[in-house]
Protein chains: 2
Amino acid sequence: MALDKILLGLLHEPKSGYDLKAEFDEGMAHFWSADQSQIYATLKRLEDGRLLTSESRPSSRGPARRVYRRTAAGRRLLQEWLAGGPQVKESRMPYLAQLALMSELPEADAAGHHAARVRADFEQRLALLQAMQQRLFVDEGVTGPEELSGRTLHEYCTIRHGVLRLTALIQWCDESIQLLARKKRARA
Amino acid sequence: MALDKILLGLLHEPKSGYDLKAEFDEGMAHFWSADQSQIYATLKRLEDGRLLTSESRPSSRGPARRVYRRTAAGRRLLQEWLAGGPQVKESRMPYLAQLALMSELPEADAAGHHAARVRADFEQRLALLQAMQQRLFVDEGVTGPEELSGRTLHEYCTIRHGVLRLTALIQWCDESIQLLARKKRARA
DNA sequence: TGTCACATGTAAGACGTTACATGATTTT
DNA sequence: AAAATCATGTAACGTCTTACATGTGACA
């Protein structure tokens with residue numbers, strides 16, 4: 001599965017399951033999520049498959065940490081995945097399924113109301129991403145993406161993906177709200 | 001699960017599992033997918049829960065069809081789902097995870113190449129959606145979305161969602177390709 | 001006679017979420 | 001003394017995909 005390779009990729013330097021969970025919640029939340037229990041289970045499976053090794057290390061605070069590092073085989077698997085072409089698949093969008101079925105509700109502009117609520121959600125997410133982008137620039141001490149490179153540049157690209165996507169979707173909400181409201185007026 | 005309600009919604013008139021599968025593959029593929037076996041299993045479960053009833057009907061060609069229709073309870077459940085607010089959650093995007101980890105590959109512009117391949121994929125999908133939109137207009141005998149209403153208008157909105165989204169993502173690809181290529185030149 | 005479209009299902013396994021269980025150290 | 005953070009794990013359940021199995025009727 002994809003999570004296998006993502007963990008392998010994040011383990012360019014040795015980390016614990018706890019560290020990895022934190023990375024998911026911080027920098028990857030906008031395009032990938034993974035449960036803590038899933039991460040631990042997957043790490044164990046990867047170790048069984050000799051793609052990772054682990055050792056227990058005392059922690060400065062709290063219980064001992066199991067620190068994983070990838071093997072040559074692990075790195076190879078990751079590289080094959082990366083070189084094997086982009087994995088693009090349409091994902092499920094429940095809010096669109098809801099919109100498609102909105103004519104089941106008796107209210108006149110249920111769909112428009114729905115779109116307005118979706119818009120509010122998107123705006124929140126967009127604000128988070130824009131803050132992330134700012135933080136990235138500050139952390140790296142740069143003023144624009146041209147000064148970034150390597151991992152950081154790639155991270156910028158993923159943030160930018162979210163920004164452009166959400167901006168377009170907010171436009172879509174506005175357009176839909178208008179279109180659906182016009183319909184409502186026309187019927188009245 | 002969401003599939004429950006989507007099936008309930010598509011069953012505004014009686015249909016068989018086969019019909020439903022066809023609907024998923026035609027009009028919903030751009031925001032939802034469902035396997036044939038999952039559809040049949042879900043229909044059975046919904047019938048067990050008294051949200052659907054079914055009867056076997058002879059088919060004009062092929063074996064008998066099991067035709068489902070929803071009960072009052074089924075309709076109620078659907079309406080609650082629709083009125084309960086939009087379900088927006090970030091989905092997993094493997095191609096972005098790949099991009100984020102691309103610095104693991106030795107090639108200079110692996111990420112740019114990746115983005116270019118993603119772009120090609122998006123363009124194909126966009127062309128399909130634009131064709132769908134055209135077909136919708138022709139089928140309904142209209143020249144613009146203002147003349148649509150009800151289910152058809154909502155369907156138009158979901159198509160438009162895909163069009164705006166993909167257009168923005170193609171722009172993102174172009175921007176990323178440029179940015180990543182500039183980096184490559186700067187290093188050379 | 002073969003193959004396409006119609007039509008329904010089972011089984012196994014992969015993947016993901018939620019809830020629970022445990023316990024140390026640091027901060028308030 | 002309580003709460004937050006650090007840290008790892010198990011169990012149960014729910015969802016989704018892949019593969020397999022079966023059979024009819026139409027058409028070439």
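Since we're looking at a predicted model, the values are computed, not measured.
- Nearest nucleotide to the A/Arg92 side chain, out of C/dG9, D/dT17, C/dT8: D/dT17.
- Classified by interplanar angle (parallel below 30°, tilted 30° to 60°, perpendicular above 60°), the ring pair B/Phe137/B/Tyr156 is parallel.
- Between A/Arg66 and D/dC6, a side-chain N or O to OP1/OP2 separation shorter than 4.0 Å is absent.
- Place B/Ser59 and A/Val67 on DNA chain D by their nearest nucleotides, and A/Val67 ends up nearer the 5' end.
- Remark: A/Ser60 pairs with no residue by the side chain to side chain donor-acceptor pair (under 3.5 Å) rule, at least two apart or across chains.
- Proximity note for A/Tyr40 (side chain, C-beta onward) versus D/dT18, D/dA7, C/dA7: the nearest is D/dA7.
- To the nearest angstrom, P of D/dT8 lies 14 Å from NZ of A/Lys15.
- Between A/Thr167 and the choices A/Val163, A/Ile170, A/Leu164, A/Leu169, the side chain to side chain contact (heavy atoms under 4.5 Å, CB included) rule is met once, by A/Val163.
- Taking atom NZ of B/Lys44 as the reference point, atom P of C/dT8 lies 12 Å away to the nearest angstrom.
- Atom CD in A/Glu90 sits about 13 Å away from atom P in D/dT17, given to the nearest Å.
- Counting non-hydrogen atoms under 4.0 angstrom, B/Ala34 reaches nothing in the nucleic acid.
- Between A/Lys5 atom NZ and C/dA14 atom P there is a gap of 13 Å when expressed in whole angstrom units.
- For a distance-only test at 3.5 Å, the side chain of B/Gln38 fails to qualify as a donor-acceptor partner of the base of D/dT15.
- Atom-to-atom, CZ of B/Arg45 to P of C/dG9 comes out at 15 Å; the value is rounded to the nearest Å.
- The nucleotide whose nearest atom lies closest to any side-chain atom of B/Arg61 is, among D/dG23, C/dG9, D/dA26, D/dA26.
- As judged by a 4.0 angstrom heavy-atom cut-off over every strand, B/Ser37 is placed among the base-contacting residues.
- Side-chain contact between B/Lys5 and A/Leu101 is absent, with no heavy atoms from C-beta onward closer than 4.5 Å.
- Atom-to-atom, CG of B/Asp19 to C1' of C/dA5 comes out at 13 Å; the value is rounded to the nearest Å.
- Side chain of A/Tyr18, nearest nucleotide from D/dT18, D/dA7, C/dG16: D/dA7.
- If you take CD of A/Gln36 and C1' of C/dA19, they are 11 Å apart, rounded to a whole angstrom.
- Here the side chain of B/Pro63 is nearest to one of C/dG9, D/dA7, D/dT24, namely D/dT24.
- In this structure, A/Ala41 reaches neither bases nor backbone, as no heavy-atom distance under 4.0 Å exists between it and the strands shown.
- Using a 4.0 Å heavy-atom cutoff across all strands shown, A/Arg57 reaches no nucleic acid atom at all.
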Inset, instruction - Take A/Arg66 and A/Ser54 through the test side chain to side chain donor-acceptor pair (under 3.5 Å) and record every step on the way to the result. - result: CA-CA 6 Å; A/Arg66 178 151 299 274; A/Ser54 79; 2.7 Å; yes
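- Atom-to-atom, CZ of A/Arg65 to P of C/dA24 comes out at 18 Å; the value is rounded to the nearest Å.
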